[in-house]
Amino acid sequence: MTHPNPAAPPETAPVLQAIQLQKHFSHRGRGVVHAVDDVDLVLRHGEVVALVGESGSGKSTIARLLAQLMPATGGELRLHGEDARVRSRRAFRRYVARVQLIFQDPFGSLNPVHTVRYLLTRAVRIHHGRLRGQALEAELQGLLERVHLTPPERYLDKFPHELSGGQRQRVAIARALAADPEVLLADEPISMLDVSIRLGILNLLKDLRDRLRLAILYITHDIASARYFADRTLVMYAGRIVETGDSESVTQDPLHPYTQLLVRSAPNPDDLADRARGARGEAPSLVNPPAGCRFNPRCPFATELCRTELPPFAEVGEGRTVACWGYSDRVDRPVLGDVGEAYGERPTIEVPHLAEEPDEPVQPSGAAAEASVAYGPSAEEGVR
Ligand SMILES: Nc1ncnc2c1ncn2[C@@H]1O[C@H](COP(=O)(O)OP(=O)(O)OP(=O)(O)O)[C@@H](O)[C@H]1O
C-alpha cells in the first residue's frame with residue numbers, strides 16, 4: 001500500500017474541511033443543547049491542528065461529526081473540496097478509509113477477546129480485501145513497525161490486556177493506519193495514558209505526520225501539549241471557536257481572554273475550573289448559552305456589547321484570528337485590561353508533564369470509553 005495518494009491535491013490544499021459546522025442536540029424535549037456552532041476548520045496533509053478547550057466545550061462532538069458517526073444539524077463537510085456527507089453504508093466505508101478516528105481509551109477501543117493479529121487482520125481486510133499468507137504477514141508487520149512496536153512478532157499474538165496503555169494506543173493507531181487514511185482524528189489520545197509515556201505517543205503521531213503526510217486533528221484540554229505537538233491551534237469555548245493561529249503564537253501570546261485563562265491553567269488543566277470558578281463563575285449551560293460572546297459571564301473585561309452581540313472574527317497578524325470585541329475595528333471596542341490581575345500569575349508553558357520514559361506494561365484500568373468502539377471491530381462489523 002502506498003501513501004500519499006498520487007492523485008492527492010498539492011500539499012497545502014485542504015484535505016478535510018468543516019464549514020460553519022453546527023450540532024444541536026435535543027435535550028429530553030426540554031430545549032436544545034448548542035454543542036457546536038459555526039465551526040470552521042481545515043485539515044491539510046502533513047499538518048497537526050489542535051482543538052483545545054475545557055471539558056464540555058464541544059471537542060468530541062466535532063470529532064464525531066468529522067468522523068460522520070452522527071449527522072450535523074448544519075454546515076458542510078468537504079473532503080478534497082467535495083461534499084463529503086455520507087448517505088449510505090458504502091459511502092461511509094469509503095469515507096472511513098480516508099478519515100480514521102483514534103480514541104482516548106485504547107483499552108475500551110480494542111476488543112479484549114482478540115489478539116493484535118486478529119484486530120489488525122480485520123482492519124486490513126475491511127479496507128484492502130482478502131490478503132493472505134506472506135502478503136498479509138508482511139502487511140501486519142509493517143503496520144506494527146510503523147508504530148514502533150518492534151520486533152513485530154513480539155506483539156502480534158498478544159491480547160490487549162498483555163500490553164501497556166501506550167502499546168495499546170500504538171496498536172489502535174496501527175489499526176487506523178491499516179486503512180491507509182489521509183486524516184487521523186485523535187480525540188484526547190494521551191489523556192488516559194500514564195504521564196511518563198504521553199510524549200512517546202505524541203512523537204509517534206508527529207512522525208506519522210511527517211512520514212505519511214497525514215492530516216491530524218489533535219483534540220485536547222491540555223494547551224501545553226498543543227504547543228509542543230500542533231502546527232496550528234484552535235481554541236474552543238462553549239461550542240464556538242474563539243481563537244486560531246500558529247500554536248506558538250496562540251500559546252505564548254494568547255489574545256482572547258479565554259485563551260489567556262486556559263494558558264494560565266497550564267500545565268495542570270484541571271486547575272482551570274477552580275481558578276476560573278473562584279474568579280468568574282462556571283462555564284455556561286449550552287441549553288441556554290449566554291447571548292453575545294459566550295465567554296462574557298466569565299470575562300473580566302466584558303461590556304454591554306459583549307453581552308448582546310456575537311463578536312466576529314478579527315484578523316490579528318499573520319494567520320491569526322480572534323473572536324473578541326476587544327480586537328474588532330467595527331465598533332468602540334472594550335479595553336482589555338490586565339489579565340494577570342484577573343486570573344493570577346502566568347506559568348511558563350513547558351512539557352515536563354509529558355516526559356518520555358520506557359513504556360512498561362501496566363494492568364488494564366478496566367475503564368471503557370463511551371462509544372469508543374465506533375471505529376473498532378464491532379462498528380466495522382456494523383457497516384459491512
Ligand atoms: N448525545 C448527546 N445528547 C445531548 N447532549 C450531548 C450529547 N453529546 C454531547 N452533548 C453535550 O454537548 C456538549 C459538548 O460535549 P462534548 O463531549 O463534545 O465536549 P468535550 O469538549 O469533548 O468535553 P470532554 O472533554 O469532557 O469530552 C456538552 O454539553 C454535552 O453534554
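Residues: numbered from 1 along the sequence shown. Counting starts at 1 for both ligands and their atoms, following the listed order.
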Requested in this report: Before accepting this row, confirm whether a basic side-chain N of the pair Asp187/Arg64 lies closer than 4.0 Å to the acidic partner's carboxylate O.
Outcome: no
Query raised in the report: In terms of side-chain geometry, is the basic nitrogen of Arg209 or Asp231 positioned less than 4.0 Å from the acidic oxygen of its partner?
Result: yes
Query - Arg320 with Glu315: basic N within carboxylate O range, under 4.0 Å - result: no
Query raised in the report: For ligand 1, which part of Met236 has a heavy atom less than 4.0 Å away: the side chain, the backbone, both, or neither?
Result: neither
Requested in this report: For the pair Phe295 and Tyr237, name the ring-plane relationship: parallel under 30°, tilted 30 to 60°, perpendicular over 60°.
Outcome: perpendicular
Report task. Return the residue, atom name and 0.1 Å-rounded distance of the protein heavy atom closest to atom 19 (O) of ligand 1. Result -> Gly58 N, 3.1 Å
Query raised in the report: Considering only the protein, which heavy-atom contact is closest to atom 1 (N) of ligand 1, and what is its distance?
Result: Phe25 CE2, 3.5 Å
Query raised in the report: Are Val99 and Met70 connected, step by step, through hydrophobic side chains (Ile, Leu, Val, Met, Phe, Trp, Tyr) whose heavy atoms are closer than 4.5 Å?
Result: yes
Query raised in the report: Hey, what do you get for CG (Leu143) to CG (Leu119), rounding to the nearest 0.5 Å?
Result: 12.0 Å
Query raised in the report: Which ligand 1 atoms, with their elements, are less than 4.0 angstrom from a heavy-atom of Gly56?
Result: 13 (C), 14 (C), 19 (O), 20 (P), 21 (O), 23 (O), 24 (P), 26 (O), 28 (C)
**Report entry** Numbered atoms of ligand 1 (with element) below 4.0 Å of Ser57, judged on heavy atoms
**Finding:** 19 (O), 20 (P), 21 (O)
Query raised in the report: Among protein heavy atoms, which sits nearest to atom 27 (O) of ligand 1, and what does the distance come to when rounded to 0.1 Å?
Result: Ser60 OG, 3.5 Å
Report summary line: for atom 11 (C) of ligand 1, nearest protein heavy atom and its distance come out as Val33 CG1, 3.8 Å
Report task. For Gly53 and ligand 1, answer yes if some heavy atom of the residue is under 4.0 Å from a ligand atom, otherwise no. Result -> no
Requested in this report: Find all atoms of ligand 1 within a distance of less than 4.0 Å from any non-hydrogen atom belonging to Ala35, and give their numbers and elements.
Outcome: 12 (O), 13 (C)
Report summary line: The closest protein heavy-atom partner of atom 25 (O) of ligand 1 is Lys59 NZ, 3.3 Å
Query raised in the report: What are the atoms of ligand 1, with element, lying closer than 4.0 Å to any heavy atom of Arg64?
Result: 8 (N), 9 (C)
Report summary line: Any heavy atom of Gln104 under 4.0 Å from ligand 1? The part involved is neither
Query - Per-atom contacts of ligand 1 with Glu54, taking only distances under 4.0 Å to non-hydrogen atoms - result: 21 (O)
Requested in this report: Check the angle between the aromatic planes of Phe229 and Tyr218 and answer parallel, tilted or perpendicular using the 30° and 60° thresholds.
Outcome: perpendicular
Query raised in the report: Would a 4.0 Å cut-off, counted as strictly less than, catch a protein heavy atom around atom 4 (C) of ligand 1?
Result: yes
Query - Chi angles and distances behind the side chain to side chain contact (heavy atoms under 4.5 Å, CB included) call for Val39, Met236 - result: CA-CA 9 Å; Val39 165; Met236 196 164 182; 4.2 Å; yes
Query - Parallel, tilted or perpendicular: rings of His161 and Phe159 (30°, 60°) - result: parallel
Query raised in the report: Should you measure from each heavy atom of Thr61, which atoms of ligand 1 turn up under 4.0 Å away?
Result: 14 (C), 15 (O), 16 (P), 18 (O)
Report task. Report the member of Asp187, Ile219, Ile62, Leu286 with the shortest heavy-atom distance to atom 13 (C) of ligand 1. Result -> Leu286
Query raised in the report: Which residue and non-hydrogen atom of the protein lie closest to atom 24 (P) of ligand 1, and at what distance in Å?
Result: Ser55 OG, 3.6 Å
**Report entry** Contact check, side chains of Leu16 and Leu217, non-hydrogen atoms, under 4.5 Å
**Finding:** no
Query raised in the report: Would you call Glu318-Arg232 a salt bridge at under 4.0 Å N-O?
Result: no
